[in-house]
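Beneath this line is the structure, given in C-alpha cells, with notes to follow.
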Amino acid sequence: MLGAYVLLGAVLFVLGLVGFVVRRNLIIMFLCTEMMFQGIIINLVAFGRYPLAGAPSFDGQVFALFLIAVAASEAALALALVVLLFRHRRTLDANALTLLRDE
Amino acid sequence: MAGLLTIILALGAVGLFLALPGGQARAVRAGQIGLAASGVGLLAATLGWLFPWPGANFFAGCALVALFAAVRVITHPRPVYSALYFVLLILAAAALLVQMQAEFLAAALVIVYAGAILVTYVFVIMLAQQARPLVHDIRSHEPLLGCLAGFLLLWSIAVRLFAAPVPPAVPAADLPAAGTVAAVGTSLLTTYVIAMQLAGLLLLAALVGAIAIARRRPLRDPLLEGEE
Amino acid sequence: MTNQTIQRVEGALRNPLVLVGVGAVLTVPAALVLVLAFPLYRGLLSDPFWFPLLVMAAVLFLILNATAVCILAERKIAGFTQDRYGPNRVGFWGLLQPVADGLKFLLKEDIIPRRVDKPLFLLAPCLALIVSLVGFAVIPWAGEVHWPWMEAGTTVSTQVARLDIGILYVIAVGSLGVYGLVLAGYASNNKYSFYGGLRATAQMISYELPLGLALLCVLLTTGTLRLEEIVNQQAHSGVWYVFVHPLAFLLIVICLFAETNRAPFDLPEAEQELVGGYHTEYSAMKFALFFLAEYAHMITGSAVAIALFLGGWAPLPFTSWLADNTAWWAMLLKFGVYLLKVALFIGVMMWVRWTIPRFRFDQLMRLAWRSLVPLGLLLMAAVAVLTLFGGQRVWWAGLGVNVLVLLGVLWWAARSKQPMTGRQEDLPPVEFGAM
Amino acid sequence: MRDEDIIVLQEPKLSPAERLYLPQIFDGMVTTLRHMFSLKRRQQVVRQYPEDTRQGRGELRIANYRGVHRLNKDAEGRVACVACFMCSTACPAHCIHIEAGESPWPDREKYPVKFEIDELRCIYCGMCEEACPVDAIELTPHYELVGRTREEMIFDKEKLLQVFEETKHTKPRKDPPITDYGLTGGQGKDVASPNVERKV
C-alpha cells in the first residue's frame, strides 16, 4: 500500500521536475513546482497513514498542511513576480530572461 | 523485476520525450501511446504483483486520472489547458487523500489549490494570453536531457522502492475514530502550535511581499503638476 | 396541428379545473405505482446504503423541478414589484410558463460560434451545473427517520453523505464553481464574455473570505463541521444560531448573493455593461444549463445557510418540538418545513434582486475588502475570545458580542471621515499596461 | 478659467445609519413590498393586451396614428395613386417599390402597375404620406401587423387597397383630393397631370 502511494508521489514529483526543466513558459514552470508539491503531499500523508513502524498518526497530514501553506505563499510570490516580469518584458519565455547570463 | 521496471520507465520516458511540445504530430501520438502503456504497466506492477490490497481499484482509478492529468499539464501546448488539467490532478489527489482518511486535508487541498491558487493561475494566464500560440509554448527546452534526468531519478527511486521490504498492512480501523478533523486540529494546535504560527507568519510575509511586488505605482498627472 | 387546435388547447389549459385534471392524470398513476410497489422497495427505505441514494434521487428530481418553478416565481415577483402581472398567458395564472420556457430552450437553435475554444466552451456550462448540484450531498434534509418496520431504536438519516468535514465540503465544492464562469468567459473568445469571467473570478475569490470568516464564528460555537449535528443542536436547544450570531448571518447572506452572482452582485453578467457577461455567446440548452446552475446554486446556498442559522428542519424556534421525533410523518413534516424555509429564503433573494440596483465593480471590491473582511475578522476575534472563556454555551453571550461589535462598527462609521461609497474618492491615474 | 467659475460641490454629510446602508436597503425593500401587494395599482397600470386594446379603451388617436399603410381609392373606385414616385423618393427606409405604367384612364398619364411596401423594412415615419401629392398613400390606425414569412409582409397593391376597404370606416380619407380628375369642375390646378385636358 505504502509503496503504491510513494511510487505515485515519486512519479508526480519527477513529472513536475521534468516539466520545470523542459517547459519554457514561466507560468507552466511554476505549475510544475506545484505538481512536485502534490507528489510530496501524497507521500507525506501516506507515510503518516501507513508507517513502517508504530501506529498510524496524523502527523503526516499536519506536515502536508504546512506544505499547502508554503505552496500558497510560493504561488502568491511567484505569480506576483511573473506579473512583474511580464509587465517589463512583455513575454513569459524563460529563455528570454538572460540579463544576468555571462555571455 | 528490475529489468521489467526499467523497460516500463524507459517506455514512459521515451513517450514523454515524444509527447512534449515541439515534436511532429505523429510522434506526439506515439508518445502518448507509450506513456499510457507505461502508466498502466506501472500501476499493474504496483498493484497486482507486489502489493495486492483492498482499495486497489479505487487507487488505480484515481492514480490513472492523476498521472494522465500530470502528463497533460507538462505536454499541453496551451497554458490554460495545463492549468485545467492541474485542477483535475488536484481532484484526483484529493480523492486519494480521502482514501487515506485525510478528509480534512482533501478539503483543504481543494479549497486552497483548486479554489484559490489555480484560479489565480488561470487569471494570470488569461491576462497574459496572446492571439496565437507562442514559440515558448510550442517548443521545449532540452527535452532529451530533461527526460533522461527524470528517467534516471525515477528509476533509482522505483528500484529502491521495489527492493525495500513491504511494510505491514495496517487495517483502516487503527486510526482514531473520533474524526480526522478533530484529531488533525488537536495535533496542529498542541504539538505543532509554533510551527503553525510560523506558517501563518510565512503567509503574512508572502501576502505583504506579493502586494509590494505587484503594486503599480501611480503616475504623476502632468496636468495637475502643471497647475501647481 | 392547426392553429385552431393549438388555440383550443391553450384555452383549455387556462382553465384551472382542466389543469388540475391533467395534473391528476399525470400524477395519480405514478402515485398508484409507488403505493402498489411499496413492498418491493420497503427494504430499500430502511437500508443505510440505499436510502441515501433514494434521497439523492428524490432531492435531485425536486431541485431540478424547483429551478423551473423558481424561474416562474422570479418572473412573477419581478412583475409584481414593477406593478405588472408577470407571465400569465400559458396555463392558468401562467403556471405552465416553465414548460413553455423549457420547450423553448430545447427547441432553439444551438449555436457554437466559429472562433470559440470548443472543448472548453462545451465544458463550461456542464461544470457550472455539476458544481452547483453536488453541494446537496451533505444537507441534512429531515434528520433521522425510523420506519415502522425497522428494528426498534435504529434509524436511517435522510442525508446523502454524512461527512466529517460537512461544511468544508460545501466550501470546497463552491470554490470550484468559479471555473464554469471563467471558462465560459475565456472560451467564448468575446471580450464581453472575458470581462464577465474575470469579474466572476475576482468577485468570488473576494467574497469567499468574509464567507469563511462568518462561518468560523458559527463553527466556534457549534464545535463541529457536521451540518446534521449543527441542525440537531439548534433543534434541541431551540436557539437558532441566527439569534446568537445575527451579524455573521448578515455576512453570510451578503456573501451568498455574491457567490451566486445575483443582483445586486450580478457584475459578471451585467446586461447593461457586458451584454450578457460570461454567457453572451451561449444559446439554447447550454444557456439553460447556466440558468439551471444559477438557481440550483441559490437553492444549495440557501439550504446551507438555513442549516447553519435558521434551524434547518426545526419547525419553530425556542422549542425543541419534533427534535427527537423520528416517526415517518415527523420526517415528512421536517422535510416540508425545510423546503418551506428554502422557498422563503429564495423569495427574499428575488425580492432583494428586484429592489437594489447593481454595485459598481470598485464598490463591490471595496465592500468586500474594506467592510466585510474587517467586520468578519473583528467578529471572529470577539467570538474566539468568548469561546476561550466558555461563553459559546450561553446564547445571549454570543448575541451580546454581536451587538457590541455592531455598536463598535457604528461608532467607527460615525467618526470616520472617509465616505464608504467611493463615489467621492479620486482614483489616482495608473500606468497603462496589459495586466 | 477663473477661480470663481469653479463650483465646489459640498457632498452631503451622511449620518452613521446612512453609512451603514442597511436602513436604506430596508426602506427600499419595504417600497417594493408595497408595490408587490398593491393589486389595485397593477390593475390600473397594466393593459391585458389582446383582450384590452387601446382602441377598445378609446385611447388610440386614430387621426394621426401611424400603422399599416393603405392605398386610397378615388370616388370611382380606382387607385388614387398616379405613380409619381414622390413617396418612394421620400422614404428614408427605401421600402416602397413602384413600377409605373401608362394609365388606362384619360385623366392622368401614369398609374402604378406594381405598388409594394415592405412592412418589415418600414419605420412608420409617415414621410410618404407627407410627400404624396394626391393623398393616395396613408397610414392607418391598424397596428396588429403579423405574418409568418417575410414574403407575406411585403404588401402589394391589392393588399394595400384591401386595407383601404377595411379601414375607410374608422378613418375616412383625409382630405378631398387635390386633383378631382376633372370630375367636379375643380378649382385647383391638377398637380398630378397638369397636361391632361379636363372634361367639364
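Letters go in sequence order (proteins before strands), and every chain restarts at 1. Computed from a prediction, not measured in an experiment: that's the story for all the values here.
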Chain A contact via [X] - which portion, at a heavy-atom distance below 4.5 Å:
X: B:A116; result: neither
X: B:L202; result: both
X: B:T186; result: neither
X: B:A195; result: both
X: B:L118; result: side chain
X: B:A149; result: neither
X: B:Y121; result: both
X: B:V73; result: both

Restricting to non-hydrogen atoms, name the atom on [X] and the atom on [Y] that form the minimum distance, rounded to 0.1 Å.
X: A:L77; Y: B:G209; value: CD2-C, 3.7 Å
X: A:R49; Y: B:M100; value: CD-O, 3.4 Å
X: A:V62; Y: B:S187; value: CG2-OG, 3.6 Å
X: B:I117; Y: A:A75; value: CG2-CB, 3.5 Å
X: A:A76; Y: B:A210; value: O-CB, 3.9 Å
X: B:L203; Y: A:S73; value: CD2-OG, 3.4 Å

The test is side-chain contact (heavy atoms from CB on, under 4.5 Å); show your working for B:V124 and A:V83 and say whether it passes.
CA-CA 7 Å; B:V124 172; A:V83 167; 4.2 Å; yes

For B:L189, I'd like to know if atom CG has over 12 heavy atoms of other residues, nucleotides or ligands within 6.0 Å.
yes

Can you tell me how far apart [atom1] ([X]) and [atom2] ([Y]) are? Round to the nearest 0.5 Å.
X: B:L105; Y: A:F63; atom1: CG; atom2: CZ; value: 13.0 Å
X: B:I90; Y: A:E34; atom1: CD1; atom2: CD; value: 8.0 Å
X: B:I74; Y: A:R23; atom1: CD1; atom2: CZ; value: 8.5 Å
X: A:L15; Y: B:L154; atom1: CG; atom2: CG; value: 8.0 Å

With chain A as the partner, which of B:L145, B:I157, B:L89 has the greatest number of non-hydrogen pairs under 4.5 Å?
B:L89

If you tally heavy-atom pairs under 4.5 Å between each of B:F104, B:Y192, B:F123, B:F151 and chain A, the highest tally belongs to B:Y192

Per the side-chain contact (heavy atoms from CB on, under 4.5 Å) rule, which among A:I27, A:L31, A:I28 passes with B:P79?
A:I28

Side chain, backbone, both or neither: which part of [X] has a non-hydrogen atom closer than 4.5 Å to chain B?
X: A:L65; result: both
X: A:L12; result: side chain
X: A:F30; result: both

Pick from [options]: which one has the most heavy-atom pairs with chain B under 4.5 Å?
options: A:N25, A:I42, A:V21; answer: A:N25
options: A:I68, A:L81, A:V70; answer: A:I68
options: A:L26, A:L17, A:I41, A:D59; answer: A:D59

Is the shortest heavy-atom distance from the side chain of B:L96 to the side chain of A:L8 under 4.5 Å?
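Sidechains of A:L8 and B:L96: in contact.
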
